[in-house]
J.: 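I am attaching a structure below and will ask some questions about it afterwards.
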There are 2 protein chains.
Amino acid sequence: MSVTIYDLAREAGVGIGTVSRCLNNHPSVSVETRAKVLEVVKRLSYQPHAYAQRLASKKTNTISAIIPFFTNYFFIQVLQGVQDKAAELGFDLILYGVNNPLQAEYYLRRSLHRGHVDGVMFFSMTLPESYVAKFQQTRLPLVLVDAYHPEFDSISVKNLEGAMMATRHLLKLGHTSIAMINASLSTQPARDRMEGYRAALEEAGLPFRNDRVFVSEIGKQDGFNREAGRASMEDLIGKNVGRDRATAVFIASDVQALGALEGAAELGVRVPEDLAIVSFDDIELAQHAQLTTMRQPMYEMGVLALEKLFARLKNPDAPPSQTTFLPSLIVRRSCGARVPSEQLV
Amino acid sequence: MSVTIYDLAREAGVGIGTVSRCLNNHPSVSVETRAKVLEVVKRLSYQPHAYAQRLASKKTNTISAIIPFFTNYFFIQVLQGVQDKAAELGFDLILYGVNNPLQAEYYLRRSLHRGHVDGVMFFSMTLPESYVAKFQQTRLPLVLVDAYHPEFDSISVKNLEGAMMATRHLLKLGHTSIAMINASLSTQPARDRMEGYRAALEEAGLPFRNDRVFVSEIGKQDGFNREAGRASMEDLIGKNVGRDRATAVFIASDVQALGALEGAAELGVRVPEDLAIVSFDDIELAQHAQLTTMRQPMYEMGVLALEKLFARLKNPDAPPSQTTFLPSLIVRRSCGARVPSEQLV
DNA sequence: AAGAACAGTGGAAGCGCTTCCATGAATATA
DNA sequence: TATATTCATGGAAGCGCTTCCACTGTTCTT
């Protein structure tokens, strides 16, 4: 019923091998033959059968992305990068969106099926230890994004440097008493962001003071949530008295900052007049809440993830390639810097 | 290198046909043989080769979803429904996220490749006329979501009824002078939402007045954007004087409502005290802005989309099945209804 | 007891491609 | 002129499965 290379071969008066070579841009086909075949291809509006190609060539031209839905905006942005690059490289993208680690395992298993995908991208979650061995064994390329494992290609964000940039921005605005609201130090991002905060202070000749760091771990996500941010802010405001009171605060994430904003409003503390805020992530709501924040290059991370996968496909034996991205400062109202209103995106 | 059914057959001392029948739950295999084969399957940790299966069986167990990224929250929610149902039915989902109709065409073409996917889902865009014929010709199942064409299965939202519900809610709160802010009447949703508004008014014995409808088409998306909402609100407030001034407004979309909120704040009009607002969509920001709005059952739409595709696969000759969903009222602060604070989600 | 019906089974054919090897023609080299 | 080299080409083999047909042995029917 549908047109196959046999039909093309018959119609063009050549062999199937030649047809295949034409279609795959093999060099050893004469110009005339190629033209003749391509004419027939067009005339019969031939479409290659994807799975036959894949079975014969042992390549799938398909990759899977296992990515948590709950990251919302990050999800969309990164995915867009992945998708665009996939289109450019001619890959199909199988999306495995998950809501919990259990689902993720199911899809990891599925991705490991022979001949299913050429590679896997795993986002924002910890790779279960049992799959480390499996991926190494099958040598199925795996790229971790917003995650890390020494044995695999990975992409992450320079949290320490980002936190430094955020803190420096507050310093440049003239603040000398800067507090920090952080999430659980059991997480690497929280630790890194605090180190960056500390480094920026010390760079400016200011002391790092433990009593200026407010950590709350209530709620989900190790304290990276609204309620924890609010609790920390209330804690901060309660203690923020006297001559050396903090006039600014660096908050480890936008979601916490949103909670903090609520807490401040409730207690009558004005932002940025009484307290300037810079946070981290640049989620969609950050714009709405006019948060000055550190933006992660989400789209670019998606693009790079696919590039890494592609490179790995070409060269399976290269050592793991780890890339970290530098976040960029997005200035909005919460830090008190004066910006022309049309720049308030 | 990898385990094939030939290995299984040899190891279990049976023929490949029997192995295949075991794997596919064919009835005509004796209980003992099946047990023996399945034991070997487990022992050798056999994984079927997806593409070989697909080539031989002429089924792909894969569907593609062509969906615009710019719908953001809608995108995520619907996708989640699609994905969950796909997982349940054992389908893989190839995601083709697009940013413009041109890209969409590319992916439509790609989806039409022989043996590539079993079906296509097309979201929130108008199906190009040239593809109508192609899909009918190839008989590749196509489901339209948040879109409509008489010849295909589709899922959409009851805009008219939703607008009626929104307006009725304001009526029930005691408002008798209700304005509307709308987007371009060149779009079906805008027309339907206005008709619903009109119907609710007339049902209550109130006149529909053209001077109470404010339309702005500035910006993108036919006026379904922030700036247009703001402009309309400023227009409304400027004219909203005298005894019969409007005390409430139904706004055709949340994004417009967000702009309207800004405009109102700027002009010193309090929401909901001076002006109650109900809008439409329930995007993520609606919660943050405390908008009372009409929620579309996005997740359910995704699920149903896949169910429709599945049904079409089973029964290619059934007449097109069109489903419309009824949106539901989400009460928050912007309408002025008193709700216990813990319900303010 | 002979034949029909049927449950189980093995394996060839075939899905539509890629790739390798063999072949023949054309060209270069001695 | 004889031989080596290169280029273009045809087509068989094979990717790993499903499915169909043919075959065997058993049970049922008359």
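Just so you know, these numbers use all the heavy atoms, side chains as well, and skip hydrogens, waters and symmetry mates. Chain letters run A, B, ... following the sequence lines, proteins first, then strands; residues in each count from 1.
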J.: At under 4.0 Å, does any side-chain N or O of A:Q53 touch on OP1 or OP2 of C:dT18?
T.: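 So the side-chain polar atoms of A:Q53 do come within 4.0 Å of the phosphate oxygens OP1 or OP2 of C:dT18, strictly under.
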J.: Check whether any side-chain N or O of B:Y46 sits under 4.0 Å from OP1 or OP2 of D:dC17, and answer yes or no.
T.: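 Result: yes.
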J.: Does B:Y51 reach a base, just sugar-phosphate, or nothing at all? Heavy atoms under 4.0 Å.
T.: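 Answer is nothing: B:Y51 stays at 4.0 Å or more from every strand.
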J.: Just N and O in the side chain of A:K58: are any of them under 4.0 Å from OP1 or OP2 of D:dG16?
T.: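 So the side-chain polar atoms of A:K58 do come within 4.0 Å of the phosphate oxygens OP1 or OP2 of D:dG16, strictly under.
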J.: Check whether the side chain of B:R21 and the base of C:dG10 form a donor-acceptor pair under 3.5 Å.
T.: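 Such a pair is found, so the answer is yes.
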J.: With DNA chain C as reference, determine whether B:G17 or B:S57 sits nearer its 5' end, using the nearest nucleotide of each.
T.: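 The residue mapped nearer the 5' terminus is B:G17.
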J.: Determine, for B:K36 against B:E32, whether the closest basic-nitrogen to carboxylate-oxygen distance falls under 4.0 angstrom.
T.: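 Salt bridge flag = no for B:E32 with B:K36.
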J.: Looking at B:E88 and B:K85, does any basic side-chain N land under 4.0 Å from a carboxylate oxygen?
T.: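 Yes, B:E88 and B:K85 are salt-bridged.
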J.: A:K36 NZ to D:dA8 P: how many Å, rounded?
T.: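 A:K36 atom NZ is separated from D:dA8 atom P by 14 Å.
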J.: Name the one of A:Y96, A:F122, A:Y131, A:F123 that satisfies ring pair (Phe, Tyr, Trp, His ring centres under 6.0 Å) with A:Y107?
T.: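 One option only clears the test, and that one is A:Y96.
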J.: Relative to the 5' end of DNA chain D, which residue comes earlier, A:V29 or B:A52, by the nucleotide with the nearest heavy atom?
T.: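 Counting from the 5' end, the first nearest nucleotide belongs to A:V29.
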J.: Regarding B:S20, tell me which of base, sugar-phosphate or nothing describes its non-hydrogen contacts under 4.0 Å with the strands shown.
T.: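 Base contact.
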J.: Provide, to the nearest angstrom, the distance between the CD atom belonging to A:E32 and the P atom belonging to D:dC7.
T.: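 After rounding, the gap between these two atoms is 15 Å.
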J.: Is a salt bridge present between B:R139 and B:D317, judged by a nitrogen-to-oxygen distance below 4.0 Å?
T.: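 Looking at B:R139 and B:D317, the cut-off is met.
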J.: Between P on C:dC17 and NZ on A:K59, what's the gap in Å once rounded to a whole number?
T.: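 Atom NZ in A:K59 sits about 17 Å away from atom P in C:dC17.
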J.: For B:P319 versus B:D153, what's the shortest heavy-atom pair and its separation?
T.: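 It is O-OD1, 4.3 Å.
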J.: Could you state the CD1-P distance from B:I16 to D:dC17, rounded to the nearest angstrom?
T.: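 Taking atom P of D:dC17 as the reference, CD1 of B:I16 is at 10 Å.
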J.: Rounded to the Å, how far apart are A:L23 CG and D:dT9 C1'?
T.: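 Those two atoms, CG and C1', are 15 Å apart.
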J.: Taking only N and O in the side chain of A:T18, is any of them less than 4.0 Å away from OP1 or OP2 of D:dT9?
T.: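 Answer no for this pair, as no side-chain N or O of A:T18 is under 4.0 Å from OP1 or OP2.
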J.: Between B:G13 and B:A56, who's closer to the 5' end of DNA chain C by nearest nucleotide?
T.: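 Checking each residue's closest nucleotide, the 5'-ward one belongs to B:G13.
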J.: Provide, to the nearest angstrom, the distance between the OH atom belonging to A:Y6 and the C1' atom belonging to D:dG10.
T.: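 Those two atoms, OH and C1', are 12 Å apart.
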J.: Would you mind reading off the distance between B:N24 atom CG and D:dT19 atom C1', rounded to a whole angstrom?
T.: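 In whole Å, D:dT19 C1' and B:N24 CG are 10 Å from each other.
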J.: Rounded to the nearest Å, what distance is computed from the NE2 atom of residue A:H26 to the P atom of nucleotide C:dC21?
T.: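 These atoms are roughly 13 Å apart.
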J.: Across the strands shown, which category fits B:S30 at heavy-atom distances under 4.0 angstrom: base, sugar-phosphate, nothing?
T.: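 B:S30: backbone/sugar contact only, no base atoms under 4.0 Å.
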